[in-house]
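Comments concern the structure below.
This one's a predicted model, so the numbers in the text were calculated from it and none came from an experiment. The residues of the chain are indexed from 1 along the displayed sequence.
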Amino acid sequence: MKSCCCWVVAYFLAVALLIHRRESEVVAQVKAEDGSRFVGVAGGQLVMNGSSFYANGFNAYWLMYVASDPSTRDKVSSAFQEASSHGLTIARTWAFSDGGSSPLQYSPGSYNEDMFQGLDYVISEARRYGIKLVLSLVNEYEDYGGKKQYVEWARARSGQGQHLSSDDDFFTSPVVKGYYKNHIKTILTRRNSIHGVAYKDDPTIMAWELINEPKCTSDLSGNTLQSWIAEMASYLKSIDGNHLVEIGLEGFYGDSSPERKKQYNPTYSFQSGTDFIANNQIPDIDFATVHSYPDQWLSDSTVEAQNSFLTRWISSHIEDAQNILQKPVLFAEFGKSYKYSGYSTSGRDQLYNTVYSAVYSSASSGGAAAGSMFWQLLTRDLDSLRDGYEIVLSESPDIASVIHEQSLRMSGISWNKTTKAGN
């Protein structure tokens, strides 16, 4: 009986070792296959595998949340499948949900494994469909917790948060910054439960975004945000040397360029505590981002005035990215909502074409524009997530055609440059 038990133990140990070895081989294979597939920066352009990288993409902030429920994961797969079939190759989504009813992070350092497995699934499906990801790490706004939740966590800790009086203390409080740095480390060192690759080693991820649309109205000089960006970008890169880092800026000009601030910001009096030029000149920031919402920012203006603003807004940022920053620029959010007056589908299509034409013109001539991502992609039966900007490709053939055409144009640039380089 004793020898039988020893044989059984030996058998199961052998099986366990075989499984572990196989898992290690799978991880090694993934790394070997994708080691050259990280997106990088060279000569002021995005590059991958030695060639220029140009992208047409989309936002879908909801992916992790929907994927955390196994009964709705098919919606995430459908989104990636539909995006891929329209040539979209990059997606931006949230890698945060702080506090609240469906959190990723219950409290500082305490994480929801179900939600994390949802993010694992998002990354795995993106890899399956050949789509690169930009993952944002925290929100400026209260949606999904944001910087306000971090400050409230610090206030709630006895003796740690008594001096915190503003949500902007997110950028200066040592306690809050410690919470955020822990979140960065937790995300970057997470090992995907599906294929076993740590996020920091996964080339499916193109870039990390420090914060979605940061603002610091308590310090309009921009100094507070400048210091925070430099500190957090450096910290992130001390853990992950594989991936690009961007800030999450909307593109508003600040005190480092007063003439541009006066000429190009939505209104002269507009203040956000950000600075498109100075913030993006920080060495650890790899590329710039711009958001474009003339229907929100100039809601009292005519459609013609909004379109004129958009043209100037895009061209000024492409010019500054190329000539001043000498870094790529990604137009990371744009759209037109049917909830604002003056909306028409033709007007929406015109806005998309304005963005797409400017991006293509720059990219095809070797300029700084690297791509764009519309806000936002949805699939059918996600009606609760409709916000007025949503695009359901299967429901809107006209805009789907516009999007697909841009994908073909952008991929054509990459193909042509690769072919010329090979010759």
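The aromatic ring centroids of W94 and Y65 lie 6.0 Å or more from each other. For F96 and H183, the ring centers sit 6.0 Å or farther from each other. Aromatic ring centres of Y54 and Y360: separated by at least 6.0 Å.
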Item to check | Evaluation steps, side-chain hydrogen bond (donor to acceptor under 3.5 Å, both in side chains), between Y61 and D143 | outcome: CA-CA 11 Å; Y61 73 90; D143 306 273; over 6 Å; no
Next on the checklist: Using side-chain hydrogen bond (donor to acceptor under 3.5 Å, both in side chains), reason through S136 and N212 one step at a time and then give a plain yes or no.
Outcome noted: CA-CA 6 Å; S136 188; N212 173 53; 5.4 Å; no
Checklist entry - Please walk me through it: do N49 and R37 pass side chain to side chain contact (heavy atoms under 4.5 Å, CB included)? => result CA-CA 6 Å; N49 200 24; R37 307 295 287 179; 3.7 Å; yes
Next on the checklist: Quick one, T72 with L382, criterion side chain to side chain contact (heavy atoms under 4.5 Å, CB included). Give me CA distance, side-chain angles, the key distance, then yes/no.
Outcome noted: CA-CA 10 Å; T72 56; L382 289 176; over 6 Å; no
Item to check | Derivation of the side-chain hydrogen bond (donor to acceptor under 3.5 Å, both in side chains) call for Y338 and E390 | outcome: CA-CA 9 Å; Y338 53 73; E390 75 277 354; 2.6 Å; yes
Checklist entry - Going through the distances and angles, do D169 and V176 end up as a side chain to side chain contact (heavy atoms under 4.5 Å, CB included)? => result CA-CA 8 Å; D169 289 324; V176 176; 5.7 Å; no
Next on the checklist: Under the criterion side chain to side chain contact (heavy atoms under 4.5 Å, CB included), I'd like the reasoning laid out for L88 against I403: C-alpha separation, chi angles, the key distance, then a yes or no.
Outcome noted: CA-CA 8 Å; L88 298 169; I403 292 167; 3.7 Å; yes
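Looking at Q105 and Q149, their side chains never come closer than 4.5 Å, going by heavy atoms from C-beta outward. Between F170 and C216 there is no side-chain heavy-atom pair separated by less than 4.5 Å. Between F331 and I318, some side-chain heavy-atom pair lies under the 4.5 Å cut-off. Side-chain contact between W228 and P214: absent, with no pair of heavy atoms (C-beta onward) separated by less than 4.5 Å. Here the side chains of V175 and L164 are not in contact, with every heavy-atom distance at 4.5 Å or above. Residues P328 and V41 form a side-chain contact, since some pair of their non-hydrogen atoms from C-beta on lies under 4.5 Å apart. Between K261 and Q271, the closest side-chain pair of non-hydrogen atoms falls below 4.5 Å. Residues T93 and M64 have side chains not in contact (no heavy-atom distance under 4.5 Å, counting atoms from C-beta outward).
Side-chain contact of D275 with S256: a donor-acceptor pair under 3.5 Å is present, judged by distance alone. A side-chain N or O of Y293 and one of E333 form a donor-acceptor pair less than 3.5 Å apart. Counting only N and O atoms by type, the side chains of S77 and Y121 include a donor and acceptor under 3.5 Å apart. No side-chain donor from either of R260 and S316 sits under 3.5 Å from a side-chain acceptor of the other.
Smallest separation of non-hydrogen atoms from L244 and V39: CG-O, 3.4 Å. Of all the heavy atoms in L135 and A95, the pair that sits closest is CB-CB, 4.1 Å. The two atoms that bring A230 and I282 nearest to each other are N-CD1, 3.8 Å, heavy atoms only. Contact detail for K336 and Y343: the closest heavy-atom pair is O-CE1, 3.8 Å. Heavy-atom minimum distance, P266 versus L298: O-CD2, 3.5 Å.
Of the possible polar contacts, none joining the E213 side chain to the H291 backbone as a donor-acceptor pair under 3.5 Å is found. Remark: the backbone N or O of A305 is not paired with any side-chain donor or acceptor of S308 at under 3.5 angstrom. A donor-acceptor contact shorter than 3.5 Å is absent between the side chain of K75 and the backbone of V66. Of the possible polar contacts, none joining the S357 side chain to the T354 backbone as a donor-acceptor pair under 3.5 Å is found. With hydrogens and angles disregarded, no donor-acceptor distance shorter than 3.5 Å links the side chain of N139 to the backbone of Y144. Side-chain atoms of Q226 come within 3.5 Å of backbone atoms of A278 as a donor-acceptor pair (strictly under, hydrogens ignored). The backbone N or O of L225 lies less than 3.5 Å from no partner atom in the side chain of D219, so there is not a single donor-acceptor pair. Without hydrogens or angle criteria, N59 side chain to A332 main chain gives a donor-acceptor distance under 3.5 Å. A donor-acceptor contact shorter than 3.5 Å links the side chain of E140 to the backbone of K215. Of the possible polar contacts, none joining the S401 side chain to the P397 backbone as a donor-acceptor pair under 3.5 Å is found.
Using a cut-off of 4.0 Å between Lys/Arg side-chain N and Asp/Glu carboxylate O, E113 and R190 are scored as salt-bridged. A salt bridge links E125 with R128: the distance from a Lys NZ or Arg NE/NH1/NH2 to an Asp or Glu carboxylate oxygen falls below 4.0 Å. D387 has no carboxylate O lying under 4.0 Å from a charged side-chain N of K339, or vice versa, which leaves the two without a salt bridge.
Distance check, rounded to the nearest 0.5 Å: NE2 of H243 to OH of Y199 gives 11.5 Å. Atoms OG and CH2, on S292 and W375 in that order, are 13.5 Å from each other to the nearest 0.5 Å. Separating the OG atom in S346 from the CG atom in N353 is a distance of 11.0 Å, to the nearest 0.5 Å. Atom CG of residue N307 and atom CG of residue L351 lie 7.0 Å apart, to the nearest 0.5 angstrom. To the nearest 0.5 Å, atoms OG (S362) and CD1 (I314) are separated by 11.0 Å. Of the inter-residue distances, the one linking T379 atom OG1 with W62 atom CH2 reads 4.5 Å to the nearest 0.5 angstrom.
For the ring pair (Phe, Tyr, Trp, His ring centres under 6.0 Å) test with F334, the passing option among Y389, W297, Y356, W313 is Y356; the others fail. Partner I184 forms a side-chain contact (heavy atoms from CB on, under 4.5 Å) with one of T189, L137, V138, D240 and no other, that one being L137.
The number of heavy atoms from other shown groups lying within 6.0 Å of NZ (K237) is above 12.
Using cut-offs of 30° and 60° for the angle between ring planes, the Y180 and Y150 rings count as perpendicular.
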